[in-house]
Amino acid sequence: MIFAVVTYKKFDLCFDLLQSVLDQKTLPSAIFLYDNSGGGFSHYVNRENKNLSPLVTTVTNAENEGCAKVWNSALRRAFFVSPEEHVLIANDDILFQNDVIGLFQEEILRYPDELVYCPQLGVNAFSLFATRYKTLEGTVGLFDEHFRYPYFEDGDMARRVMLYGKRIQRVPDVQVSHVGSATLKSYTEEEKNFHHYRFSRNAYYMSQKWGLRDPDRWEDPDGYHTPFDGDEALEIITMTTLRNAFGQY
């Protein structure tokens, strides 16, 4: 199994996560670390005189590319490295407390036809989850990169999995600790304002795409069963509104 993590601000927590991964009984075959800060993680490692494992490949993005785009990038990279391996993707504010990778691998062997796997307890489904490129590409598709900033890309995927007739497979006995919203808590007032603006953008897109009164209720049975209810005009209006009302955000 390949491990991947995206970081933006909480580099100390991210480094601690990597150490907890490397303390596992079952190690990943490779680690992809995506730095959405434009190099801040590497500066942190050098400044603090910390050493990264040879398993770690760091990919530095010039700007914050959110989750959907980076998750897709990690899945594609893993596919080229080892097409059959699943990728375990985590938030950067999690610590592994037991043999997490081993437990995920056992569950995947037990239920090989599921699309997405996550812990039964302890974290939100997409704070720690496993899947692979060929599985998503051949069924529900990759993460929707129109969610250009974190939030709702996970609910969008969960809805697609549900409509495909599957469920997110829960992995029992996984033990992790989760700080929760660590990056948001570190924001300046200006960054918080941008965050709320981008959150509103994604919420609007989620609601329009699936016909949801509440964008947080991805499981709403009254929502559309196909994106934009198959209405090309609605999709065009939605994308035009996103560009005009939210611009680059």
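Side-chain atoms are counted along with the backbone in the values below, which use heavy atoms only and exclude waters and symmetry mates. Start at 1 with the first residue, then count along the sequence.
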Between [X] and [Y], which heavy-atom pair has the shortest distance, and what is it?
X      : Y      : value
Asp156 : Met206 : N-CE, 3.5 Å
Val6   : Gly66  : CG1-O, 4.3 Å
Leu27  : Gln24  : CD2-O, 3.7 Å
Ala203 : Pro215 : O-CB, 3.7 Å
Gly223 : Leu212 : CA-CD2, 4.0 Å
Ala130 : Leu88  : CB-CD1, 4.0 Å

Inset, instruction - Please find out if less than 6.0 Å separates the ring center of Phe199 from that of Phe152. - result: yes
Atom pair [atom1] ([X]) and [atom2] ([Y]), whose distance is rounded to the nearest 0.5 Å:
X      : Y      : atom1 : atom2 : answer
Glu63  : Glu65  : CD    : CD    : 6.0 Å
Asp93  : Lys10  : CG    : NZ    : 9.5 Å
Leu242 : Thr240 : CG    : OG1   : 8.5 Å
Leu115 : Met162 : CG    : CE    : 13.0 Å
Asp23  : Asn98  : CG    : CG    : 12.5 Å
His178 : Leu95  : NE2   : CG    : 10.0 Å

Legend entry - Identified side chain to side chain contact (heavy atoms under 4.5 Å, CB included) partner of Pro119 from the options Asp173, Leu128, Val171: Leu128
Within the structure provided, determine whether [X] and [Y] are in side-chain contact (heavy-atom separation under 4.5 Å).
X      : Y      : result
Arg217 : Glu219 : yes
Leu103 : Glu107 : no
Met1   : Ser29  : no
Asp214 : Asp220 : no
Gln175 : Val100 : no
Ser127 : Asn91  : yes
Lys9   : Ser37  : no
Leu136 : Val140 : yes

Please answer: with hydrophobic residues joined when any side-chain heavy atoms are less than 4.5 Å apart, are [X] and [Y] in the same cluster?
X      : Y      : value
Leu22  : Ile89  : no
Ile2   : Ile108 : no
Val70  : Met157 : yes
Ile101 : Val5   : yes
Phe129 : Leu17  : no

Inset, instruction - Give every residue pair that meets the salt bridge (Lys or Arg N to Asp or Glu O under 4.0 Å) criterion with at least one member in residues 119-142, sequence neighbours excluded. - result: Glu84-Arg132, Glu84-Lys134
Legend entry - Residue pairs involving residues 205-225 (criterion ring-ring contact (aromatic ring centres under 6.0 Å, His included); sequence neighbours excluded): His146-Tyr205, Phe147-Tyr205
Inset, instruction - Could you note down all residue pairs passing ring-ring contact (aromatic ring centres under 6.0 Å, His included) where residues 89-119 supplies at least one of them, sequence neighbours left out? - result: Phe3-Phe96, His86-Tyr117
Inset, instruction - Applying side chain to side chain contact (heavy atoms under 4.5 Å, CB included), name anything that partners Cys67, two or more places apart in sequence or on another chain. - result: Trp71, Pro150, Glu153
Legend entry - Exercise: do Asn72 and Glu145 side chains pair donor with acceptor under 3.5 Å: yes
Inset, instruction - Determine whether the side chains of Asp35 and Thr60 contain a donor N or O and an acceptor N or O closer than 3.5 Å. - result: no
Legend entry - Greater than 12 external heavy atoms within 6.0 Å of Arg167's CZ: no
Legend entry - More than 12 heavy atoms of other groups within 6.0 Å of Arg213 CZ: no
Pairs under 3.5 angstrom only: tabulate donor-acceptor contacts from the side chains of residues 46-59 to other protein residues two or more places apart or in another chain.
unit_1	atom_1	unit_2	atom_2	d
Asn46	ND2	Ser42	O	3.2
Ser53	OG	Leu55	N	3.0

Legend entry - Asn61 side-chain N/O to Asn64 backbone N/O, donor-acceptor pair under 3.5 Å: no
Legend entry - Polar side-chain atom of Thr241 near backbone of Ile237 as donor-acceptor pair, under 3.5 Å: yes
Inset, instruction - Verify salt bridge (Lys or Arg N to Asp or Glu O under 4.0 Å) between Arg160 and Asp144, making sure each step is shown before the conclusion. - result: CA-CA 11 Å; Arg160 285 189 275 153; Asp144 185 346; 5.9 Å; no
Tell me which donor-acceptor pairs under 3.5 Å the side chains of residues 75-83 have, and how far apart each pair is, sequence neighbours excluded?
unit_1	atom_1	unit_2	atom_2	d
Arg77	NE	Tyr34	OH	3.3
Ser82	OG	Glu85	OE2	3.1

Legend entry - Thr238 and Lys209: CA distance, side-chain angles, deciding distance, side chain to side chain contact (heavy atoms under 4.5 Å, CB included) verdict: CA-CA 8 Å; Thr238 299; Lys209 181 177 180 179; over 6 Å; no
Inset, instruction - Walk me through it: do Tyr8 and Asp92 pass the test side chain to side chain contact (heavy atoms under 4.5 Å, CB included)? - result: CA-CA 9 Å; Tyr8 178 52; Asp92 64 356; 5.6 Å; no
Legend entry - Worked check of side chain to side chain contact (heavy atoms under 4.5 Å, CB included) between Cys118 and Phe126: CA-CA 7 Å; Cys118 75; Phe126 286 87; over 6 Å; no
